[in-house]
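Not measured: the values here are computed from a predicted model. Below, chain A is the first sequence line, B the second, and so on; all start at residue 1.
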There are 2 protein chains.
Amino acid sequence: MMRQPLPPAELDRNRHAAPQVFERLRDAIISLALAPGTVLSRAALAQQYGVSQTPVRDALMILAEEGLVDIFPQHATKVSQINLLAARQAHFLRRALEIEIVRTLAEAPDPALIQDLQALVDEQRRALEVNDLARLSALDQAFHQRQYVEAGVMELWVLQRRHSGHIDRLRHLHLPLLGKAATILDDHQRIVDAIASGRGEAAETHLRRHLSGTLARIEDLCQRFPDYVRR
Amino acid sequence: MMRQPLPPAELDRNRHAAPQVFERLRDAIISLALAPGTVLSRAALAQQYGVSQTPVRDALMILAEEGLVDIFPQHATKVSQINLLAARQAHFLRRALEIEIVRTLAEAPDPALIQDLQALVDEQRRALEVNDLARLSALDQAFHQRQYVEAGVMELWVLQRRHSGHIDRLRHLHLPLLGKAATILDDHQRIVDAIASGRGEAAETHLRRHLSGTLARIEDLCQRFPDYVRR
DNA sequence: TGGCTCTGATGTGCTAGTATTTTAGCGGCG
DNA sequence: CGCCGCTAAAATACTAGCACATCAGAGCCA
């Protein structure tokens, strides 16, 4: 029997079991606490969380749809290798969505939106000054999410997040994010300004450069950590 | 006990049951054979297909993720109302993806791609001449899918299809597609020409007009069939 | 008559357990 | 020595069934 590196804390019996198992497994996989290739025994997981196999099975089925685990029928379920093709497609998805979003928003800039985005950029600036990376990351998410909401496509934000598992795992291989933070902030500021002044093309240009940074890091990481990555 | 308007044919015992149940239910929902609001009893469906409740449950869970059924915890599972917001977001998703695709393809047009697309357009023209609507529809799908494949994002084609359930149901409310077929063909031809000559902006323009036709029909249908639509 | 409470029926979420399928590993044969 | 087939272990897909949550509707009260 293998040791399980997962948090052993018990589930909340007042909530449904399956979503909780899903969340825990997803966090563990994305943080690489469960390394690619790890076999996920349904029976073992069920015992570990103190539930039967059905909620575990439900969780694993959802994870399989996101591509975070591979289910080999009648045989085994394993944490998937990081898939470069899947990561590229997830990045394509995000790029396509956010370009269309900034173009839409720039057509009729809403002052309330601009105010919110500017506030988020300013807060990011303060977080950078005190080197609070966790807060910086959260604010970055909020900055982009705010635009989905304004465009009336919040479900597409959720969709995009649900398909970013491979990218998120790559991000966890790449701790020294700090050097790029100033550049990211500049990009954000330029995007806000372009939307505010109704320059859709300019917003698209800045967004493309902003996201291309992520893509470059992806390709780089895949070369430096070939064990985790399936080519 | 209500009558079930589903095909009673038995399942293939050599394939897994859950995916078959899923496919049948999805087809029935999208074709509106199962009207929005219909209660889907797990026990009844299990009996109907000659399987136990688990594969039915699996199928219903996937359908719920696509938004085609609503699961009310501990109470009931129903075919969802057609959701205009979801349809708009699915349309936004498709528009964003295909615009980014044609722009990418126009940057470095591949002769083999152009040849395939042109062949598909020509075949559509022939199908239109003999009023073969089913074939026209299939060729339309193939035309767009071919571009996803060329851009290396076939999984995003699948993703886009999986989220088009609400739109597909609206399409089934709207039989007289024939009037627009010639316009659709013209759009396709212009998109091919624009990609072939490397004019990304032009391709985007034609694609936008092409897709805006669909969106206009969506809004129209929602007004004409208010019973099925949740606003 | 209108609104609140309680009860019963219904159905989901989960538990327990069976059966079929897959694959690793071993032994024999060419 | 290498390839093929057999065997057995293990995991998934499925079957059967229970328990608690939810809601419709009857009955009671104001």
Side-chain angles (χ1 to χ4, degrees), chain A residues 1-4 6 10-26 29 34 36-81, chain B residues 1-4 6 10-26 29 34 36-81:
Chain A
M1 189 68 66
M2 67 172 300
R3 287 209 330 121
Q4 290 286 354
L6 296 180
E10 290 196 2
L11 299 181
D12 180 351
R13 303 301 292 184
N14 294 334
R15 292 175 52 207
H16 288 170
Q20 295 183 74
V21 174
F22 168 75
E23 284 171 24
R24 300 233 186 153
L25 285 177
R26 188 175 200 279
I29 292 171
L34 286 174
T38 305
V39 175
L40 296 175
S41 161
R42 219 164 57 177
L45 291 171
Q47 191 172 14
Q48 181 183 350
Y49 289 121
V51 295
S52 75
Q53 294 193 15
T54 298
V56 175
R57 177 172 174 270
D58 292 346
L60 291 174
M61 281 172 54
I62 308 279
L63 289 167
E65 281 197 29
E66 291 190 29
L68 291 178
V69 306
D70 292 326
I71 297 178
F72 300 93
Q74 315 281 21
H75 175 55
T77 301
K78 300 180 182 180
V79 177
S80 69
Q81 300 298 107
Chain B
M1 191 66 65
M2 66 172 301
R3 285 211 328 121
Q4 290 285 353
L6 296 180
E10 290 197 1
L11 299 180
D12 181 351
R13 304 301 294 182
N14 294 335
R15 291 175 52 207
H16 287 170
Q20 295 183 75
V21 175
F22 168 75
E23 284 170 24
R24 301 232 184 155
L25 285 177
R26 187 175 201 280
I29 292 171
L34 286 173
T38 305
V39 174
L40 297 175
S41 160
R42 213 169 60 181
L45 291 170
Q47 192 173 14
Q48 181 183 351
Y49 289 121
V51 295
S52 73
Q53 295 193 12
T54 298
V56 175
R57 178 173 175 268
D58 291 347
L60 292 173
M61 282 172 53
I62 309 279
L63 289 167
E65 282 197 30
E66 290 190 32
L68 292 178
V69 307
D70 292 326
I71 298 179
F72 301 92
Q74 314 282 18
H75 176 53
T77 300
K78 301 181 182 180
V79 177
S80 68
Q81 299 297 108

Compile the donor-acceptor pairs under 3.5 Å between side chains in residues 57-64 of chain A and protein atoms, sequence neighbours left out, one pair per line.
| residue | atom | partner | partner atom | Å |
| --- | --- | --- | --- | --- |
| A:Arg57 | NH1 | B:Asp58 | OD1 | 3.1 |
| A:Arg57 | NH1 | B:Asp58 | OD2 | 3.4 |
| A:Arg57 | NH2 | B:Asp58 | OD2 | 2.5 |
| A:Asp58 | OD1 | B:Arg57 | NH1 | 3.2 |
| A:Asp58 | OD2 | B:Arg57 | NH1 | 3.4 |
| A:Asp58 | OD2 | B:Arg57 | NH2 | 2.6 |

Please find the earliest and latest nucleotides of DNA chain D, in the 5' to 3' direction, that have an atom within less than 4.0 Å of any heavy atom of chain A.
D:dA11 to D:dA13
Pairs under 3.5 Å (N/O, protein and nucleotides 6-9 of chain C):
none

Partners passing salt bridge (Lys or Arg N to Asp or Glu O under 4.0 Å) against B:Arg26 (at least two apart in sequence or in another chain)
B:Glu66
Results of salt bridge (Lys or Arg N to Asp or Glu O under 4.0 Å) for A:Arg13 - residues two or more places apart only:
none
Note: B:Val51 and B:Ala17 closest approach over all heavy atoms is CG1-CB, 4.1 Å
side-chain contact (heavy atoms from CB on, under 4.5 Å) between A:Val21 and A:Arg24: does it pass, once the steps are laid out?
CA-CA 5 Å; A:Val21 174; A:Arg24 300 233 186 153; 5.9 Å; no
Mind checking what makes side chain to side chain donor-acceptor pair (under 3.5 Å) contact with A:Gln53, not counting sequence neighbours?
A:Arg42
My understanding is that only residues two or more places apart in sequence, or in another chain, count here; which of them pass side chain to side chain donor-acceptor pair (under 3.5 Å) with B:Thr77?
none
Residues forming a side-chain contact (heavy atoms from CB on, under 4.5 Å) with A:His75, sequence neighbours excluded:
A:Phe72
Suppose we screen for side-chain contact (heavy atoms from CB on, under 4.5 Å). Which residues come up paired with A:Asn14, at least two apart in sequence or across chains?
A:Asp12
Where the side chain of B:Thr38 meets the backbone of B:Val79, is there a donor-acceptor pair that is under 3.5 Å apart?
no
When rounded to whole Å, the NZ to C1' distance for the pair A:Lys78 and C:dT22 reads 12 Å
What's touching nucleotides 12-17 of chain C from the protein side, N or O pairs under 3.5 Å?
| residue | atom | partner | partner atom | Å |
| --- | --- | --- | --- | --- |
| C:dT12 | OP1 | B:Thr77 | N | 3.3 |
| C:dT12 | OP1 | B:Thr77 | OG1 | 2.8 |
| C:dT12 | O3' | B:Gln74 | N | 3.4 |
| C:dT12 | O2 | B:Gln74 | OE1 | 2.7 |
| C:dG13 | N7 | B:Arg42 | NH1 | 3.3 |
| C:dG13 | N7 | B:Arg42 | NH2 | 3.3 |
| C:dG13 | O6 | B:Arg42 | NH2 | 3.2 |
| C:dC14 | OP1 | A:Ala17 | N | 2.4 |
| C:dC14 | OP1 | A:Ala18 | N | 3.4 |
| C:dT15 | OP1 | A:Ser52 | N | 3.4 |
| C:dT15 | OP2 | A:Ser52 | N | 2.6 |
| C:dT15 | OP2 | A:Ser52 | OG | 2.3 |
| C:dT15 | O5' | A:Ser52 | OG | 3.2 |

